[in-house]
Every structure is written in structure tokens, then in C-alpha cells.
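Atoms within a ligand are numbered from 1 in the order they appear, just like the ligands themselves.
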Amino acid sequence: MIAHALYSEKLASVYDQMYPFIEVDTQQAVGLLTELAPPPARVLELGVGTGRIAVPLADLGYQVHGVDGSPSMLARLKEKDPDGRITVDLADFTEFGTGRQYEIVVVVLNTLFSAVSREQQLSCLRNVRAQLAPGGRFVVEVFEPTPFHGLDQPSFSIRHLGAHAVMLDVLSVDRSRQLMVGTHTILDGGVPETTQHVMRYAFPGELDLLVEICGMRLEHRWADFTKQPFTNTSQRHVSVYAAADEGDPAR
Ligand SMILES: C[S@@+](CC[C@H](N)C(=O)[O-])C[C@H]1O[C@@H](n2cnc3c(N)ncnc32)[C@H](O)[C@@H]1O
């Protein structure tokens with residue numbers, strides 16, 4: 001199992017309950033990808049997890065390949081895709097490349113920030129560029145870090161996991177290293193177990209520079225998958241990048 005995925009390895013059993021309101025967002029994400037490249041395009045999802053996006057894409061006829069470092073998350077994916085339409089690699093996407101190319105490479109739900117240093121993010125982005133087919137698009141969804149970067153004290157919240165379980169979340173930030181540390185404790189009547197999740201966040205402008213260093217350029221940035229404008233109050237962004245050498249008619 002890959003070190004970056006330790007967190008999801010421990011949370012795989014409750015993962016699909018952690019984001020109960022995400023169904024609409026999932027449909028919207030799939031809708032946007034469909035606009036960028038219709039099926040049966042080839043899609044590579046980094047951090048494919050339990051297949052939240054990958055399964056509906058496969059249903060539409062996409063050829064989906066997923067990379068994930070957590071055997072438990074991939075086992076959940078397999079339960080949802082018993083026929084194996086989605087092919088997978090158990091690997092660290094900051095180091096691993098499939099050796100193939102895709103019309104869409106996508107990494108959603110802050111997963112890019114699981115690469116916990118700038119070097120690891122660069123390594124991942126270089127791999128993405130190598131796997132982007134001519135005319136392909138790289139789609140990233142991450143949070144906008146400004147509100148978290150300003151945290152002086154740990155923030156505390158509770159997540160509802162179902163009728164008999166909650167999750168206690170504590171978030172703290174090391175501003176000097178742009179690291180966010182989340183600790184998650186499940187209270188379900190059993191012995192409480194705490195899991196830690198570290199993310200290295202990047203501001204949008206920094207992300208664009210890292211992507212540019214790796215030979216791609218920003219094409220669109222929206223506040224969500226329905227293409228709402230990205231503004232100074234947006235809490236996340238969906239950014240679409242193309243290969244830099246494909247030329248930008250807008251320039
Ligand atoms: C937040 S979950 C997102 C899962 C899925 N994409 C979704 O939208 O529901 C992040 C996933 O990325 C995987 N992951 C994180 N860092 C990774 C890395 N460096 N290499 C491979 N998988 C990684 C985790 O195991 C987990 O399944």
C-alpha cells in the first residue's frame with residue numbers, strides 16, 4: 001500500500017458516507033467531462049478511489065483507467081464494477097505513469113494536494129503531461145486555500161456518517177509549509193480510531209506555474225463543474241489545462 005493512500009486505506013469502509021451531498025456534484029463533473037471529450041474517449045483518473053466518477057463514466061461508454069494507492073478503495077471500486085470495465089493500477093500517481101495516453105486526465109476532490117511536497121506535485125504533473133493525448137485535457141478540482149491558510153487555531157467540525165456514526169474532524173495548518181493536517185475520528189460505538197490526512201495545498205496561481213513548468217497551460221478556471229465564474233469568494237476551483245505546445249488561439 002502506498003504511503004499517500006494510508007488515510008483512505010483506513011477510511012475506505014466509510015468513504016462513500018463521508019460526502020453524502022456529493023451526488024449532484026458527481027453528475028455535474030461527469031457532465032463537464034462529457035463536454036470536454038465525448039465517449040468513448042480514454043480517461044485516466046488519478047486517485048480513482050471507490051469509483052465515484054469512474055463508474056458513471058464507464059456507464060456512458062468511456063474507457064476508464066484509474067490509479068490508486070489504496071487496495072481497500074480499489075476493492076470497493078471492484079464491488080461497484082464487477083465486470084472490470086474500469087482498469088486499474090495500484091500505484092502512487094506521483095511516481096507512476098501508465099505508459100499510455102488519454103483524452104482526459106482528471107484528478108478531483110483535492111486529491112492532487114495529497115502529494116505532500118511541491119516536488120511530488122511536479123512529479124505528478126510531469127507524468128500527467130506524458131499521458132495526455134494530442135488535444136487532450138487535464139482537469140483538476142481542488143479547494144481554494146486562502147481561508148485555511150489564515151487559520152491560527154485548529155478548526156473542529158462533526159460529520160454525520162449515518163444513523164449510528166459520526167466523524168470528528170480537526171483541521172490544522174502549517175502555513176510555512178502550506179500543509180493542512182486533518183485528523184478524523186469515527187465514533188460508532190466501537191473503539192474510536194483516529195486517522196491523519198496531510199495535504200500540501202497550492203494557491204491557484206502557484207498551481208498554474210507548476211503546471212506550466214510541466215508543459216501545460218491553463219485553458220479554463222471555474223468555481224465548480226457547472227462553469228460558474230471563479231471569483232475572489234470561490235471556495236474551490238475546477239481548472240482545465242491543455243498541452244502548452246498546442247497553441248492558444250486566445251493568445
Ligand atoms: C479524496 S479520495 C477521491 C476518490 C475519488 N476520486 C472520488 O472523487 O471520490 C482520494 C483518493 O486518492 C488516493 N490517493 C491519494 N494520494 C495518492 C497517490 N499519491 N497515489 C495514488 N493514490 C492516491 C487515495 O487512496 C484515495 O482513494
The criterion is ring pair (Phe, Tyr, Trp, His ring centres under 6.0 Å); which residues satisfy it with His237, sequence neighbours excluded?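 Result, ring pair (Phe, Tyr, Trp, His ring centres under 6.0 Å) vs His237: Phe230.
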
Does some non-hydrogen atom of Gln120 fall short of 4.0 Å from ligand 1?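 The answer is no: ligand 1 sits nowhere under 4.0 Å from a heavy atom of Gln120.
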
Within the structure, is a non-hydrogen atom of Cys124 found at a distance of less than 4.0 Å from ligand 1?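 Flag not set, Cys124 not near ligand 1.
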
Quick one: does any side-chain atom of Gln63 pair with a main-chain N or O of His65 as donor and acceptor, under 3.5 Å?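 Judged by distance alone, no pair lies under 3.5 Å.
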
Side-chain (Asp224) to main-chain (Lys227) donor-acceptor, under 3.5 angstrom: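 Yes: the side chain of Asp224 pairs with the backbone of Lys227.
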
For a side-chain contact (heavy atoms from CB on, under 4.5 Å) with Ile53, tell me which candidate from Leu33, Asp25, Val43 qualifies. Leu33

From the candidates Gly51, Ala29, Gly69, Ala54, the one that places a heavy atom nearest atom 22 (N) of ligand 1: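 Comparing heavy atoms across Gly51, Ala29, Gly69, Ala54, the nearest one to atom 22 (N) of ligand 1 lies in Gly69.
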
So, regarding [X] and ligand 1 (criterion: nitrogen or oxygen to nitrogen or oxygen, under 3.5 Å), is there a contact or not?
X     : answer
Glu45 : yes
Arg52 : yes
Leu46 : no

[atom1]/[X]: more than 12 non-hydrogen atoms of other groups inside 6.0 Å:
X      : atom1 : answer
Arg177 : CZ    : no
Glu119 : CD    : yes
Gln153 : CD    : no

Show which atoms of ligand 1 fall inside a sub-4.0 Å distance from at least one heavy-atom site of [X].
X     : value
Asp92 : 18 (C), 19 (N), 20 (N), 21 (C)
Val48 : 5 (C), 6 (N)
Ala91 : 20 (N), 21 (C)
Gly47 : 3 (C), 4 (C), 5 (C), 6 (N), 11 (C), 12 (O), 13 (C)
Gly49 : 4 (C), 27 (O)
Ser70 : 25 (O)

Proximity of Val108 to ligand 1 by residue part, where a heavy atom lies under 4.0 Å: side chain

In the structure I gave you, are the side-chain heavy atoms of Asp208 and Tyr241 within less than 4.5 Å of one another anywhere? yes

State which residues pass side-chain hydrogen bond (donor to acceptor under 3.5 Å, both in side chains) with Arg118; sequence neighbours excluded, sorted by chain then number. none

